[in-house]
Number of protein chains: 2
Amino acid sequence: MTSTQITHETTRKRLLEAAGQVFAQHGFEKATVREICRKANANVASVNYHFGGKEDLYAEVVAYGAQQSVEAFPPDRGLGPNPLPEAELNAFIHSFLCRFLKKNQRGSWYSTLCAREIVLPTRALDRVVREVIRPLSDRLEAIVRRLVPRASKLEVGRCARSIVGQCLFYHHGRPVIERMGGPKKYADADIRRLADHIARFSLQGLRGWKGRAA
Amino acid sequence: MTSTQITHETTRKRLLEAAGQVFAQHGFEKATVREICRKANANVASVNYHFGGKEDLYAEVVAYGAQQSVEAFPPDRGLGPNPLPEAELNAFIHSFLCRFLKKNQRGSWYSTLCAREIVLPTRALDRVVREVIRPLSDRLEAIVRRLVPRASKLEVGRCARSIVGQCLFYHHGRPVIERMGGPKKYADADIRRLADHIARFSLQGLRGWKGRAA
DNA sequence: TGACAAATCAAACAAATGTTTTAAACTATT
DNA sequence: AATAGTTTAAAACATTTGTTTGATTTGTCA
């Protein structure tokens, strides 16, 4: 890689990071190319030069953010070899919460962006589902299956959604939770406790499907 | 009310309904007053004349939609006198799902709008939380308390959020669920089954806090 | 009926914004 | 050092959009 390409990459990267913040803060429509470029110390035309346009930049940012997010908190974090499904579930839930609630050094715009994309989907969502969400979902269903081996495929899916729903609520519902007097920040210990609660609630909930066919 | 005021009211109402659809479809930013007025068979200036501006119209629409939604599906629907908390929980969950999943005659833009507002909050959210969400939340916590009387206030809150999270996931996660091969439409029987699943999962989950202090 | 207010309408206004253009600066290769 | 290709910069462009204006119509009441 020549040094020309290196500076190229750095402006690209600066734009990606700046765009992530601005898109997360204002949403796609209200975010302006001008603010992004100002934040990235780049010229207004640089977005069109490097990405082709605002929309393409956005798609790039979403994919970039989702991947970074999963790599930072893999769902099997801290698990030893041959883990019990109970431990796997706990790790899955904990990593899931971390992805959204932990304030990482970057400013954690990934999660906000992802939430927006889920509720207000654009073309970028298709790629995220394919590359990030689908594998995670498959993994969770495998864990659930081990916990309730007699349940039908449909029931396993429903139970998995019950678990994911609990996690995502703390993300999607954040503005509401704050306005209801809930916490604005989550320390590591808070996230740990939350994960333990959801894991306990869910393991108990799964008991309803244990040992009986659908 | 004079007939002048009646026509006034009807254009107002037409604008509210049209705006609800357009805002839900495109989001606040991308929705244009021109499209709203075209849909409402009204002049471009009518939004400013009747509401003062686009933002005020939006705030009005959000509040209007949230109220209509709860009135259409009250959380105590179909309950007899002195219901068991288990039945109350089931009714609460079922009405909650209906609010978001049932396609009502209006085109059900309420729910979409509400989801947008939760993820990308504006000033309008404060009012919705105060007037609609808070009372619903209080009701749910009261039900949960009856089911786990020994649990702490914090734990009751967490359990309530676990329940709401399961319901909301089918709303917020809809674009993802569809892309994962899930259903696009929910018939009444589907909603019923879903409610039963969530109620069962949750009642089972709550057992973890039954009969023991925090 | 006639006057007054409310409502509607077509047209214009003013601001913001994504994009394009054209030239300058920079980098690497010969 | 010269040149070709790449990247950056400032300014202008074209379009969209919320809002305002002033005239016109509609409805009500004396």
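Sequence lines set the chain letters: A, B, ... in the order given, protein chains first and strands last, and positions in each chain run from 1.
- Using the six-membered ring where Trp is involved, A/H172 and B/H172 have ring planes that are perpendicular, over 60° apart on the 30 and 60° scheme.
- Classified by interplanar angle (parallel below 30°, tilted 30° to 60°, perpendicular above 60°), the ring pair A/W109/A/Y64 is parallel.
- One finds no side-chain N or O of B/H50 lying less than 4.0 angstrom from the OP1 or OP2 phosphate oxygen of C/dA6.
- In this structure, B/Y49 places its OH atom 17 Å from P of C/dA10, rounding to the nearest Å.
- Computed from coordinates, the B/N43 CG to C/dC9 C1' distance equals 5 Å when rounded to whole Å.
- Annotation: cation-pi pair A/K54/A/F28 present, NZ/CZ under 6.0 Å from the ring centroid and within 45° of its normal.
- Atom CG in B/L15 sits about 14 Å away from atom P in D/dG18, given to the nearest Å.
- OP1 or OP2 of C/dG18 has not a single side-chain nitrogen or oxygen of A/N48 nearer than 4.0 Å.
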Polar atoms only, N or O, under 3.5 Å: list the protein pairs with nucleotides 12-17 of chain D and their distances.
none

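- In terms of position along DNA chain D, the nucleotide closest to A/S46 lies nearer the 5' end than the nucleotide closest to the other residue of the pair A/S46 and B/V44.
- The existence of a salt bridge linking A/R139 and A/E88 is confirmed by a sub-4.0 Å separation between a basic side-chain nitrogen and an acidic carboxylate oxygen.
- When every heavy atom of B/H26 is checked against every heavy atom of B/K30, the shortest pair comes out as O-CB, 3.5 Å.
- Remark: B/D196 does not engage B/R200 in a salt bridge, criterion side-chain N to carboxylate O under 4.0 Å.
- Using cut-offs of 30° and 60° on the angle between ring planes, the pair A/F100 and A/H171 is parallel.
- Note: CG (B/D56) to C1' (D/dG18) measures 12 Å, nearest angstrom.
- Distance CZ (A/R14) to C1' (D/dT7): 12 Å, rounded to an integer number of Å.
- When the C1' atom of D/dT8 is taken as reference, atom CZ of A/R38 falls 18 Å away, rounded to whole Å.
- Put simply, CZ on B/F51 is 14 Å from C1' on C/dA7, counting in whole angstrom units.
- The separation between A/I36 atom CD1 and C/dT17 atom P is 12 Å, rounded to whole Å.
- Of the listed nucleotides (D/dT21, C/dA7, D/dA10), D/dA10 has the atom at the smallest distance from the side chain of A/A45.
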